[in-house]
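Only one structure is covered here, and it is reproduced in the block below.
In what follows, chains carry the letters A, B, and so on, assigned in the order in which the sequence lines appear, proteins first and then strands, with residues in each chain numbered from 1. From a predicted model like this one, the values you see are computed outputs, not experimental measurements.
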Number of protein chains: 2
Amino acid sequence: MTGTVGGRRRRQRSTRQGGLVRDQLAAGEGFRSAQTVFAELRAKGEEVGLSTVYRHLQVLADEGQADTLQTGDGEALYRLCGTDGKHHHHLVCRNCGRTVEIEGRGVERWASQLAEEHGFSDVNHTIELLGLCSDCSQTRPRD
Amino acid sequence: MTGTVGGRRRRQRSTRQGGLVRDQLAAGEGFRSAQTVFAELRAKGEEVGLSTVYRHLQVLADEGQADTLQTGDGEALYRLCGTDGKHHHHLVCRNCGRTVEIEGRGVERWASQLAEEHGFSDVNHTIELLGLCSDCSQTRPRD
DNA sequence: TACTCTGTTGGTAATCATTATCAGGCCGGT
DNA sequence: ACCGGCCTGATAATGATTACCAACAGAGTA
């Protein structure tokens, strides 16, 4: 919350670990937690520290190279995204993590109009859609 | 998540503590955390256990009598809501907690259409709008 | 009203993700 | 090759939430 708003990104050295985290995130498709990425790397025999994974995921998120979303139980999920910087939302499969990126132009408009209407300013919104993708809904019709 | 789907609510005794939590939640206006409600009650000299506060807040949420929302840092906030059961969203002041309830009919439609379009089913959505209300934006023009 | 049955309470320990700490290591420019 | 400073990572700390479980208290009953 007390973010580094200064815009000037301190020179980020390129390190083995930084690459690992980024690559691992790139390898998968859906959103994954820091813990998961850490476990995956360790499973591959890579030597990385948990702190370092957290650090790099945060950097990626800060730089807008990764999207984040919160699971209801206080866990942060990360995912590399192509449209960097561009604001967008996600339609995520709650079973397999498959994700569709969505540009909600209409929703943006709705949100800001609503904000103005009620005298609110500096409004940011969180919109996440969680469901079952076509594959998963066939496999498991009900829980 | 492993909810009691059975529909039949087991007989819920009315207890002093249950009333306290509910009243305390009703007393305030904005969203508050379990910890906060607990602290408030203790500050008033009421004898309640932390576990009990958590328990009752969850019950209220389950019954649809209270709305919940997650702060980015893994904390759950609760608030009594009038339109019980009815699905809606919130425009919350990030400074004072003042809240406006919103019915996003259009957004609902947008969401379900989008879901269908991508073959997703059983989609639920999370939409929260965080901003500064008119009072707070005057008081603190910038951070 | 006294009794009993069963859901409720609440202090405490456990869980779990995330962050802070800090000594030692590596990157990059000189 | 040398050096300064950022990066790393094991570990401890934090903080919210949940699990446990023995003692307690509604509410119906005799």
Side-chain angles (χ1 to χ4, degrees), chain A residues 1-4 6 8-25 31-63 65-66 68-79 97, chain B residues 1-4 6 8-25 31-63 66 68-79:
Chain A
M1 296 303 159
T2 58
T4 322
R8 172 166 322 250
R9 116 184 13 168
R10 75 196 61 177
R11 175 168 19 269
Q12 186 92 9
R13 280 185 190 166
S14 76
T15 63
R16 181 179 60 85
Q17 292 88 340
L20 283 178
V21 171
R22 200 209 155 82
D23 290 349
Q24 187 61 37
L25 205 57
F31 280 85
R32 273 161 305 160
S33 69
Q35 298 282 355
T36 302
V37 172
F38 173 65
E40 288 174 354
L41 284 172
R42 278 300 177 88
K44 283 171 55 180
E46 302 290 358
E47 300 206 349
V48 202
L50 177 57
S51 320
T52 306
V53 172
Y54 272 101
R55 212 155 17 217
H56 280 288
L57 286 177
Q58 252 167 30
V59 169
L60 287 173
D62 284 349
E63 290 180 344
Q65 297 191 49
T68 71
L69 85 83
Q70 313 285 333
T71 69
D73 40 303
E75 201 178 14
L77 303 184
Y78 300 83
R79 175 173 179 276
Chain B
M1 295 306 160
T2 58
T4 324
R8 174 167 318 255
R9 113 180 20 164
R10 76 197 61 184
R11 178 169 18 267
Q12 184 98 8
R13 276 183 196 170
S14 76
T15 63
R16 181 179 59 86
Q17 293 88 339
L20 282 177
V21 171
R22 201 210 154 82
D23 289 349
Q24 187 60 37
L25 205 56
F31 280 86
R32 273 161 305 159
S33 70
Q35 298 281 353
T36 302
V37 172
F38 173 66
E40 288 174 354
L41 284 173
R42 278 301 176 88
K44 283 171 56 180
E46 302 290 0
E47 299 206 347
V48 201
L50 179 56
S51 319
T52 305
V53 172
Y54 272 102
R55 214 161 7 221
H56 281 287
L57 286 177
Q58 253 168 29
V59 169
L60 287 174
D62 284 350
E63 289 180 343
T68 70
L69 88 82
Q70 313 285 332
T71 69
D73 39 304
E75 202 179 11
L77 304 185
Y78 301 82
R79 174 174 181 275

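- Residue Asp62(B) contributes atom CG, which lies 11 Å from atom P of dT18(D) at whole-angstrom precision.
- Here Ser14(B) reaches the OP1 or OP2 of dA27(D): one of its side-chain N or O atoms lies under 4.0 Å away.
- For Ser51(A), no side-chain nitrogen or oxygen approaches OP1 or OP2 of dT8(D) to under 4.0 Å.
- For Gln58(A), a side-chain nitrogen or oxygen approaches OP1 or OP2 of dT19(C) to under 4.0 Å.
- Neither OP1 nor OP2 of dT8(C) sits under 4.0 Å from any side-chain N or O of Gln17(B).
- A salt bridge between Arg42(A) and Glu47(A) is absent, with no side-chain N of the basic residue lying under 4.0 Å from a carboxylate O of the acidic one.
- Taking only side-chain nitrogens and oxygens, Arg16(A) comes nearer than 4.0 Å to OP1 or OP2 of dG9(D).
- We find that CD of Glu75(A) is positioned 15 Å from P of dT17(D), with the value rounded to whole Å.
- Partner of Leu20(B) under the side-chain contact (heavy atoms from CB on, under 4.5 Å) criterion, chosen from Arg16(B), Gln24(B), Arg22(B): Arg16(B).
- Rounded to whole Å, the distance from OH on Tyr78(B) to C1' on dT17(D) is 9 Å.
- Within a heavy-atom distance below 4.0 Å of DNA chain C, the residues of residues 33-49 of chain A found are Gln35(A).
- His56(A) has a side-chain polar atom (N or O) that falls below the 4.0 Å cut-off from OP1 or OP2 of dT8(D).
- Separating the CD atom of Gln70(B) from the C1' atom of dA16(D) is a distance of 11 Å, rounded to the nearest angstrom.
- Atom CZ in Arg13(A) sits about 16 Å away from atom P in dC3(D), given to the nearest Å.
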Test side-chain contact (heavy atoms from CB on, under 4.5 Å) on Glu46(A) and Phe38(A) and set out the steps. CA-CA 9 Å; Glu46(A) 302 290 358; Phe38(A) 173 65; over 6 Å; no
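- For the pair Leu57(B) CG and dT17(D) P, the computed distance is 10 Å after rounding to whole Å.
- Side chain to side chain, Gln17(A) and Arg55(A) fail the donor-acceptor criterion of an N or O pair below 3.5 Å.
- Of the side-chain N and O atoms in Thr15(B), none sit less than 4.0 angstrom from OP1 or OP2 of dT8(C).
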